[in-house]
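Have a look at the structure below, then the notes.
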Amino acid sequence: MKRVQLFGAFFASALFLSSTLCAQDSLAELTQALELFKNRDYANAYPLLEKLSEAHPENLDLNLMLGASALELKRYHEAIAAFDRALILDPRNLTARIQIAKINYLLGNTTLASQELDALLKESLPLSVREGVQGLKTQVDQSQSKHSFGGAFILGGEYDSNVNNDIGGRNFTLPSLNLQLFGTNTKSDYAHFQTLVLNHSYDMGGEKEGWKWDSSLVAYNKTYFDTSTRNLVLFSLSTGPSYTQDGYQLSLPVTLDKVYLASDSYLDIAGAGIRLTKLLSPRLMLDGGYSRKYNSYAQEFKARNSDTNLFYLGARQAIGEESPYLLSLYFAYRTDKERNDLRSDVSYDEWGGRIELSKEIFDKFSLTGGYSYKKTSYSDTDALYLNHREDKERRYELGVTHELSRRSTVGLNVAYVDHPSNHDPFDYDKRVVTLRYMVGF
């Protein structure tokens, strides 16, 4: 049951309470409690709601609000008591029944939680409520087993206005020879792609928190209609332990990637890293980490072999109350160091970031806007250009997503990429349009 429904119920009951609370201080406490709850300040709302509920135990909505506040504060037994009082007043109240099932799940009483959710699913429920109950039931069922599985399948198509990242038919100068050359004309193409994601988690301790072993397999394929040299196949495996406690999650993944380009083996990547995620509040999450990767190319490209160090930090913040904006920020610093010391375009330092803002604009329709920037500075002097190559990239994106069901979405995304460089053959721009369908399982 969404919090907005609880807000609506409390607004409705506020009129009734204002007519029954005679003391001016009680009216002030009611107004203050409502404001604190709306602002998600549950720690300060709870004592006021507790006092009001004790004075007016016959009010259903006060008990629901008190239970919700206690649940947010992880005062589970107090929450159950409040929701039990709500059920005495309204034995079929969906909010109270769902929240009690959720609390039993959080307390490890999975049998009780499962029984209540099964009973709810046998009833005639609104579609949105049924999807929420079914989602919670899936979590409860998975928690009763040490193994949990999930994944997604994505199917899509793409238009690329400059598939080979060419600079067009303009001329440029090769400084070392003072030679005038002409760039290759741009070529547009269409592609279709498929992505399969399979996730598995093994609970090593039998608890919601503690040690787990998490694994993920990603298979990706992109095929162009005309430009077969750009066809891409990727297999990526990540596996390793993770530890969760009090909103923190520490992960220690080992990764293996295999890349095929134009149907031929192109690149093998082996890596390991550390990742730390912290949920500071229900509306703010921080994410950061470090990874070390070893890049080994096929025999004809082995001069590109390198080692990578990657540091990254991200944050996600919900802004607003009933229909919040979701703001995402991401920063990364990467170094690649060549192993063979044969080329001038392998070793580099790169830093970049991304900002993204999304919001539900209509029922089940969300709009997302994003901007990415990165700067790549190569370490070695290029013999033809007599300087160090330096590239930049600015990417502007706008997308719309429609939620078809709780597990499936369809989305359309348009992007403009500007890629300036002090080495002319790498100075280009392009437009990309992507349509995708995703279903989770």
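Between the side chain of Asp189 and the main chain of Thr227, a donor-acceptor pair closer than 3.5 Å is present. Side chain of Arg316 to main chain of Met285: no donor-acceptor pair is present (N/O by atom type, distance under 3.5 Å, no hydrogens or angles). Under a 3.5 Å cut-off, the side chain of Arg130 and the backbone N or O of Leu120 do not form any donor-acceptor pair. In this structure, the side chain of Ser176 engages the main chain of Leu384 through a donor-acceptor pair within 3.5 Å. Checking side-chain atoms of Asp160 against main-chain N and O of Asn162 turns up a donor-acceptor pair under 3.5 Å. With hydrogens and angles disregarded, no donor-acceptor distance shorter than 3.5 Å links the side chain of Asn165 to the backbone of Tyr428. Remark: side-chain polar atoms of Arg339 are paired, donor with acceptor, to backbone N or O of Asn295 under 3.5 angstrom.
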Q.
Would Tyr297 and Tyr266 count as a ring pair (Phe, Tyr, Trp, His ring centres under 6.0 Å) here? Give the steps.
A. CA-CA 6 Å; Tyr297 288 81; Tyr266 179 65; 5.3 Å; yes

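Side-chain contact between Asp345 and Arg389 is present, with at least one heavy-atom pair separated by less than 4.5 Å. Contact annotation: the side chain of Arg394 approaches that of Pro420 to within less than 4.5 Å [non-hydrogen atoms, C-beta and beyond].
We find that Arg395 and Glu393 are not joined by a salt bridge, their nearest charged nitrogen and carboxylate oxygen being 4.0 Å or further apart.
For the side chain to side chain contact (heavy atoms under 4.5 Å, CB included) test, residues two or more places apart in sequence or in another chain that qualify with Asn387 are Tyr385, Asn422, His423. Every residue two or more places apart in sequence or in another chain was checked for a side chain to side chain donor-acceptor pair (under 3.5 Å) with Asp380, and none qualifies. Here Ser216 pairs with Asn199 under the side chain to side chain donor-acceptor pair (under 3.5 Å) rule; sequence neighbours left out.
Between the side chains of Asp391 and Thr376, not a single donor N or O lies within less than 3.5 Å of an accepting N or O.
Under the 6.0 Å distance and 45° angle rule, Lys359 counts as a cation-pi partner of Tyr325. Judged by a 6.0 Å distance limit and a 45° cone about the ring axis, Lys375 is not positioned over the six-membered ring of Tyr373.
In this structure, Tyr378 has its ring center no closer than 6.0 Å to that of His388.
Between Tyr159 and Tyr190, the ring-plane angle classifies as tilted under the 30° and 60° cut-offs.
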